[in-house]
Amino acid sequence: MRTKLWVVLVMSVVMLLVSATALAASQPLSGKLEIFSWWAGDEGPALEALIKHFEKMYPNVQVINATVTGGSGVNARAVLKTRMLGGDPPDTFQVHAGQELIGTWVVAKRMENLNSLYKEEGWTKVFPAGLVKLLSTSQGIWSVPVNIHRSNVLWYIPENLKQWGVKVPATWQEFLEIAPKLKAKGIVPLSMGETWTAEHLWENVAISVLGPAKWQQLWQGKISFRSPEMLEVWKLFGEILKYTNQDAPSLSWQQATDMVVKGKAAFNVMGDWAAGYMNTTLHLRPGTDFGWAPAPGTKGIFVMLSDSFGLPVGAPHRATTLAWLRMLGSREAQDIFNPLKGSISPRLDSDLSKYNVYGQSAAKDWRSSTIVGSLVHGVVANERFMNDFATVMEIFLNSRNPQAAANASQAVATQDGIIH
Ligand code: GAL
């Protein structure tokens, strides 16, 4: 009799627990979710589509799309730092895979380990191992990648080149040969914008001079920033700058792209968010209305970067953030975001039929090229170096002194731990 009573009691407790858990699981997710990024204005459509998709899945979650405008995150990163250090982290924030994540926020113990999320979603099998490595330390995996962008792309308008009788330069030497002819016609040979876009150009010039192996060695501290080849990089970069627009410091990357679109400039070196801008915002057709080629001297090389989102320690809305991250890594979400953004999905099972001809060609190159990481977009160096290098660049843009720039970059590389 006693045993029977016990059994009944235990059974009812178990049933109560089971139904409570079921109730919790069936309760729709609610609360807030603050997403912090620099995808504002012209850069916004892909993120907005992603948020729409999330809101359809979780109609009771209130999404706060917190953006700080400014290409490559120049302004957003400064605001983020103030918030993180002030104990006011957003729920999740845009951060580049590589040293911008690991050498900045992970070493400072500001991120939560996402190992179990990766395990539950089987993500170590669907994301390329090389990319997962950029998001990991021996302790864990620290963010979820939403895309792969290519930074070494030369953009142009085929029709304009035809009119001007100009071919796409395969090397910087070829560019320097045709540039004076363009200049004589009143056309800016290469458009450029504010300082970070000069750094973007610089890294592409550096990779063309050094090649992929030495570029990697530079970030492992194995090549001096004062070596003859680095001096050569600054010299060549200085030559190329002679053919850029005077008003570069006051232009955004979109305005530099606009110069090419409007026929004021012949070429622009920029990441493939420019393809997203020209196609999604300006409604130009890739392949016909605008063309592309590897940045001069970088054929067969894919300079990559990846935007990712993580979970900062102390995020106010942990549950909604985890739902966001889970969605972000899914095939469906990635194939909504990337065709609009100009990037590709890192997922090995991405549906390429959803991408335009530019995206499909980038996906093909991603699989067949030598891959190296971008400096300006956070892959190879920590934020301290990135910030200090921006100062070196500003000085160079004014002084045009290659030796001084080589010396200064060696000094900051030593100070910021690139050279041990
Ligand atoms: C990069 C970022 C891209 C794009 C670009 C221009 O750093 O990874 O997604 O936003 O800046 O702002």
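Indexing begins at 1, ligand by ligand and atom by atom, following the structure's order. Note: hydrogens, waters and symmetry copies are ignored here, and every other heavy atom, side chains too, is used.
Between Tyr277 and Trp155, the distance from one ring center to the other does not fall under 6.0 angstrom. No close placement of the Trp105 and Phe309 rings is indicated, their centers lying 6.0 Å or farther apart. For Tyr156 and Trp164, the distance between ring centers is not under 6.0 angstrom.
Salt-bridge check for Glu34 with Arg83: passed, with a basic side-chain N closer than 4.0 Å to an acidic carboxylate O. A salt bridge between Glu120 and Arg326 is present, with a side-chain N of the basic residue lying under 4.0 Å from a carboxylate O of the acidic one.
Note: Tyr58 and Phe54 have tilted aromatic rings, judged against thresholds of 30 and 60 degrees for the angle between ring planes. Using bins of under 30°, 30° to 60° and over 60° for the plane-to-plane angle, the ring pair Trp196/Trp273 lands in the tilted bin.
Each of Ile419, Leu210, Val380 was scored for a side-chain contact (heavy atoms from CB on, under 4.5 Å) with Leu218, with one residue passing: Leu210.
For ligand 1, the polar-atom distance check against Trp196 finds no nitrogen or oxygen pair separated by under 3.5 Å. Ligand 1 has no N or O atom lying under 3.5 Å from any N or O atom of Trp273, backbone or side chain. Any N or O atom pair closer than 3.5 Å counts here, and Asn147 shares no such pair with ligand 1.
Residue Lys341 approaches ligand 1 through these ligand atoms, each under 4.0 Å from one of its heavy atoms: 3 (C), 4 (C), 9 (O), 10 (O). Close approach to His96 involves these atoms of ligand 1, each under 4.0 Å from a residue heavy atom: 1 (C), 2 (C), 7 (O), 8 (O). Against a heavy-atom cut-off of under 4.0 Å, Ser72 is close to the following atoms of ligand 1: 1 (C), 6 (C), 7 (O), 11 (O), 12 (O). The distance from ligand 1 to the heavy atoms of Trp253 drops below 4.0 Å at these ligand atoms: 6 (C), 12 (O). Atoms of ligand 1 found under 4.0 Å from any heavy atom of Gly71 (numbered from 1 in listed order, with element): 12 (O). Those atoms of ligand 1 with a heavy atom of Leu305 less than 4.0 angstrom away are 8 (O).
Nearest protein heavy-atom contact of atom 4 (C) of ligand 1 is Glu43 OE1, 3.4 Å. The protein heavy-atom contact nearest to atom 1 (C) of ligand 1 is His377 ND1, 3.4 Å.
Here the shortest heavy-atom distance to atom 2 (C) of ligand 1, taken over Val146, Asp307, Asp42, Val95, belongs to Asp307.
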